[in-house]
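Since the structure is predicted, the reported quantities are computational estimates derived from the model, not experimental observations. Residue numbers start from 1 in every chain, and the chains themselves are labelled A, B, ... in the order their sequence lines are given, proteins ahead of strands.
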Number of protein chains: 2
Amino acid sequence: MSAARRPDRDPTRPVYVISVAATLVSAHPRTLRIYEDEGLVSPARTPTNIRLYSEEDIRRILWIRHLTRDRGVNLAGVRILFELEERLGQRILEALYDEGTRGRGDEPPEAGASGSGDGRPSPGR
Amino acid sequence: MSAARRPDRDPTRPVYVISVAATLVSAHPRTLRIYEDEGLVSPARTPTNIRLYSEEDIRRILWIRHLTRDRGVNLAGVRILFELEERLGQRILEALYDEGTRGRGDEPPEAGASGSGDGRPSPGR
DNA sequence: GAACCATGACAATGACATTGTCAAGATAAA
DNA sequence: TTTATCTTGACAATGTCATTGTCATGGTTC
């Protein structure tokens, strides 16, 4: 039964319903809806309007969590950082992460499920 | 040579005492001390320990004011943006400013030496 | 039909930004 | 000297924000 099927690793593919996504990022579903209202994440929707988060969405949310919880940035700050990321290329957050976790033992935000090797956040959107 | 009053326009030169600086940026002196405690500004000191803000300091504070008041960013976010600015060159805040004041004709506060002298850049307000 | 999702409202909690004041002492300028 | 301003440190009021949580009403999925 262990089929050799492996093709669906597309981190863009919407798969997680909100309750699952919330669990993955250790947040309340309410919080994820707020992130969306604030324009920080844009999960796909099923034809019947149900949110589906992709792996990229999860990573993006993990960045938000890192910035807000570990660095104390508020959502307005996160928005600006994402804006910058889109405007100036993409390496911004990485540089940030180095700065923030110097010798702290933290690990970069990573999508819990499916440990896709690189673990680098990407500006999906 | 008429010694025509060549006031050192060196934007680095510490000149403003805290009450003046506070007036220039429309903030309470208390607030400026907080900015300093947070490591966001580092005004020079006289030999007798009195703060003296330079033109650059003022511009930097105006950036903080712009980011916090107009963009809603908190001090942690400002700190990160300044960190990034130091790490990735200096175009960051400019790009940001464009985003914030689309088509307004204002000039962004600049930390560069080539400040147009008098120009106290009031970011939007 | 039970469990989950959607939106919208409302609220409690804790943290933060800003302003403001008071105190006790040093400095500057008249 | 006198007066105004500066220093640090403490305390507090105000308003805002982030996050979590609940409730209600209704649609969706299994």
Side-chain angles (χ1 to χ4, degrees), chain A residues 14-54 57-58 60-82 100 109, chain B residues 14-54 57-58 60-83 100 122-125:
Chain A
V15 282
Y16 306 121
V17 103
I18 194 171
S19 64
V20 178
T23 299
L24 288 180
V25 302
S26 308
H28 199 276
R30 190 78 183 70
T31 306
L32 299 194
R33 296 202 187 96
I34 291 176
Y35 290 168
E36 186 176 358
D37 291 343
E38 295 288 329
L40 300 178
V41 193
S42 299
R45 300 283 185 133
T46 66
T48 55
N49 206 34
I50 289 187
R51 273 171 268 251
L52 284 188
Y53 294 82
S54 70
D57 290 331
I58 298 297
R60 198 174 173 85
I61 295 172
L62 284 177
W63 263 114
I64 301 175
R65 300 300 273 179
H66 168 61
L67 290 171
T68 54
R69 309 198 116 198
D70 304 337
R71 305 286 309 239
V73 181
N74 62 9
L75 298 189
V78 173
R79 177 178 305 113
I80 286 198
L81 288 171
F82 284 170
Chain B
V15 283
Y16 306 122
V17 105
I18 194 173
S19 62
V20 179
T23 298
L24 287 179
V25 302
S26 308
H28 199 275
R30 190 79 183 71
T31 306
L32 300 194
R33 297 200 186 97
I34 291 176
Y35 290 168
E36 187 177 357
D37 292 343
E38 295 287 328
L40 300 178
V41 193
S42 299
R45 300 284 186 131
T46 65
T48 55
N49 206 35
I50 290 185
R51 273 172 268 252
L52 283 188
Y53 294 81
S54 69
D57 291 330
I58 297 297
R60 196 175 174 84
I61 296 171
L62 284 177
W63 262 114
I64 301 175
R65 299 301 273 181
H66 169 61
L67 290 171
T68 54
R69 310 196 113 199
D70 302 336
R71 304 289 307 243
V73 181
N74 63 9
L75 297 189
V78 173
R79 177 178 306 113
I80 286 199
L81 288 171
F82 284 170
E83 274 179 20
S122 332
R125 166 37 197 142

Please report the distance, rounded to the nearest Å, between [atom1] in [X] and [atom2] in [N].
| X | N | atom1 | atom2 | value |
| --- | --- | --- | --- | --- |
| R45(B) | dC6(D) | CZ | C1' | 10 Å |
| N49(A) | dG27(D) | CG | P | 13 Å |
| R71(A) | dC16(C) | CZ | P | 14 Å |
| D37(A) | dC17(D) | CG | P | 15 Å |
| N74(A) | dT19(D) | CG | C1' | 13 Å |
| E36(A) | dC5(C) | CD | C1' | 13 Å |
| I61(A) | dA18(D) | CD1 | P | 16 Å |

Would you name the heavy atoms of [X] and [Y] that are closest together and state the gap between them?
| X | Y | result |
| --- | --- | --- |
| I64(B) | Y35(B) | CG2-CZ, 3.7 Å |
| Y53(B) | A21(B) | CD1-CB, 3.6 Å |
| L52(B) | T46(B) | CD1-CG2, 3.6 Å |

Worksheet entry | Footprint string (nucleotides 18-30 of chain C, 5' to 3'): B base within contact, S backbone only, - free, heavy atoms under 4.0 Å | BBBB-----SS--
Worksheet item: Considering residues, nucleotides and ligands other than R45(A), do more than 12 of their heavy atoms fall under 6.0 Å from its CZ?
Response: yes
Discussion item. Between G72(B) and I18(B), which residue's closest nucleotide on DNA chain D lies nearer the 5′ terminus?
Written reply: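 The residue mapped nearer the 5' terminus is I18(B).
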Item to complete: Only one of I80(A), T68(A), L67(A) passes side-chain contact (heavy atoms from CB on, under 4.5 Å) with L75(A); say which it is.
Response: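 The residue from I80(A), T68(A), L67(A) that satisfies side-chain contact (heavy atoms from CB on, under 4.5 Å) with L75(A) turns out to be T68(A).
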Would you mind writing out the side-chain donor-acceptor pairs for residues 24-33 of chain B within the sub-3.5 Å range, not counting sequence neighbours?
unit_1	atom_1	unit_2	atom_2	d
H28(B)	ND1	R30(B)	N	3.0
T31(B)	OG1	H28(B)	O	3.4

